[in-house]
Amino acid sequence: MFYADLSPYAYLPAEDGDVFTEAGAGLRFVTVRNAYRRLNVGWLESGQPWTTGSASADFVSKLLAVLDGQGVNQALGLHECDLCPVPLDASRPWYEPRPGHRRAGAGTGEIRVPGAPGTAYAAPQLIGHYVADHGYLPPREFVDAVLAFDLQDRSAAYPAIAFPWIPDDAELYDALAE
């Protein structure tokens with residue numbers, strides 16, 4: 001699925017909002033609707049143009065930490081990297097990197113990175129694979145936002161979620177309570 005970098009997010013309808021999964025809980029979800037403007041970064045597709053370059057080690061490390069600490073709009077299906085020349089090997093778990101790669105070539109969700117006030121960058125989980133394994137270089141403003149993202153800055157109402165702009169009135173769904 002291709003969206004140009006810094007274009008308005010359109011993968012899921014705005015009225016659906018973003019669904020953050022609480023880290024470690026897995027069965028608690030917080031839905032945030034229309035709390036911020038979302039911009040696309042890293043929605044790559046074979047045959048579409050994208051920027052390559054050398055990303056700093058600090059950026060790559062911080063991006064991978066964001067990916068490991070946040071889950072947004074998790075889906076039940078997989079999105080496989082179509083930039084890789086060989087499909088995933090069915091004998092290996094999808095979440096393990098291919099030989100010679102640093103990150104898995106499939107993903108099930110997205111991340112959000114806070115930018116300027118009222119703006120968040122929306123990226124697929126595959127962005128880590130694209131950067132680490134395919135040499136994708138995101139826009140400078142996204143790189144700066146990732147480097148500035150304090151993963152300890154969290155909503156007071158939802159401290160288990162690594163994203164600071166979750167409003168106190170966000171809707172909580174707790175599957176454990178049902």
Side-chain angles (χ1 to χ4, degrees), residues 1-14 18-21 23 36-90 92-151 153 161-165:
M1 175 97 28
F2 176 80
Y3 295 103
D5 282 345
L6 305 178
S7 64
Y9 177 84
Y11 184 66
L12 295 174
D18 286 332
V19 179
F20 287 78
T21 302
Y36 43 84
R37 179 175 70 121
R38 300 172 291 181
L39 297 176
N40 292 312
V41 173
W43 295 84
L44 308 185
E45 183 177 298
S46 178
Q48 297 292 331
W50 45 280
T51 305
T52 61
S54 180
S56 74
D58 289 344
F59 166 69
V60 174
S61 176
K62 185 74 170 275
L63 176 63
L64 299 183
V66 172
L67 285 160
D68 290 343
Q70 192 186 89
V72 178
N73 299 334
Q74 296 290 329
L76 296 177
L78 283 178
H79 180 78
E80 186 176 339
C81 174
D82 74 347
L83 304 178
C84 288
V86 178
L88 290 174
D89 180 351
R92 297 175 56 98
W94 67 266
Y95 49 84
E96 288 183 2
R98 291 179 168 106
H101 284 189
R102 292 179 59 191
R103 296 294 289 192
T108 61
E110 306 170 16
I111 60 168
R112 294 293 178 269
V113 174
T119 300
Y121 298 99
Q125 283 180 333
L126 276 172
I127 192 170
H129 170 70
Y130 296 150
V131 168
D133 298 319
H134 291 292
Y136 166 60
L137 185 62
R140 182 80 225 168
E141 65 185 72
F142 176 76
V143 171
D144 291 344
V146 167
L147 290 170
F149 188 5
D150 179 357
L151 293 171
D153 187 9
I161 298 174
F163 191 78
W165 300 343

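- One distance of note links CG of Leu67 with CG of Leu63; it measures 4.5 Å at 0.5 Å rounding.
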message: Between Asp150 and Lys62, does the salt bridge (Lys or Arg N to Asp or Glu O under 4.0 Å) criterion hold? Intermediate values first, please.
response: CA-CA 10 Å; Asp150 179 357; Lys62 185 74 170 275; over 6 Å; no
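- Of the N and O atoms on the side chains of Thr21 and Gln74, not one donor lies less than 3.5 Å from an acceptor on the other residue.
- In this structure a side-chain-to-backbone donor-acceptor pair under 3.5 Å is present from Asp82 to Ser46.
- Under 3.5 Å, the side chains of Asn73 and Asp18 contain a donor-acceptor pair of N or O atoms.
- In terms of heavy-atom proximity, His79 sits nearest to Met1 at CE1-N, 3.6 Å.
- Salt bridge annotation for Glu96-Arg102: absent, with no cationic side-chain nitrogen under 4.0 angstrom from a carboxylate oxygen.
- For the side-chain hydrogen bond (donor to acceptor under 3.5 Å, both in side chains) with Tyr121, the lone residue among Arg38, Glu141, Arg112 that qualifies is Glu141.
- Across every non-hydrogen atom of Ala106 and Leu88, the tightest pair is CB-CD1, 3.7 Å.
- Under the 4.5 Å side-chain criterion, counting only non-hydrogen atoms from C-beta, Thr52 is not in contact with Tyr136.
- Side chains of Pro97 and His129 form no contact here, defined as non-hydrogen atoms less than 4.5 Å apart.
- Side-chain N or O atoms of Asp5 include none that pairs as donor or acceptor with a backbone N or O of Pro138 at under 3.5 Å.
- Counting heavy atoms from C-beta on, the side chains of Glu80 and Trp94 never come closer than 4.5 Å.
- Heavy atoms only, all atoms of each residue included: Val60 and Ala55 are closest at CG2-CB, 3.8 Å.
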field: Worked verdict on Tyr9 versus Tyr36 for ring-ring contact (aromatic ring centres under 6.0 Å, His included)
entry: CA-CA 11 Å; Tyr9 177 84; Tyr36 43 84; 9.7 Å; no
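- For the atom pair CG of Asp153 and CH2 of Trp165, the computed distance is 10.0 Å after rounding to the nearest 0.5 Å.
- From Ile111, atom CD1 reaches atom CZ of Phe149 across 8.0 Å, with rounding to the nearest 0.5 Å.
- The closest donor-acceptor contact from the side chain of Ser61 to the backbone of Asp58 lies at 3.5 Å or more, if one exists at all.
- Under 3.5 Å, the side chains of Glu110 and Tyr11 contain no donor-acceptor pair of N or O atoms.
- Between Tyr130 and His134, the ring planes are tilted. Angles from 30° to 60° get that label.
- By the 6.0 Å contact criterion, CZ on Arg92 is enclosed, its count of non-hydrogen atoms from other residues, nucleotides or ligands being greater than 12.
- Leu39 contributes atom CG, which lies 11.0 Å from atom CZ of Phe142 (distance to the nearest 0.5 angstrom).
- The backbone N or O of Pro8 lies less than 3.5 Å from a partner atom in the side chain of Asn40, making a donor-acceptor pair.
- A salt bridge links Asp144 with Arg140: at least one charged nitrogen is closer than 4.0 Å to a carboxylate oxygen.
- The shortest distance between side-chain heavy atoms of Leu137 and Val131 does not fall below 4.5 Å.
- Rounding to the nearest 0.5 Å places CG of Asp133 at 7.0 Å from SG of Cys84.
- Considering every non-hydrogen atom in both Ala132 and Arg103, the closest pair reads CB-CG, 4.3 Å.
- With Gln125 contributing its side chain and Gly109 its backbone, the two residues share a donor-acceptor pair below 3.5 Å.
- Of all heavy-atom pairs spanning Ala162 and Gly69, the tightest one is CB-O, 3.7 Å.
- Of all heavy-atom pairs between Gly77 and Thr108, the closest is O-CG2, 3.7 Å.
- Judged by distance alone, with hydrogens and angles left aside, the side-chain atoms of Trp43 form a donor-acceptor pair with the main-chain N or O of Ala122 at under 3.5 Å.
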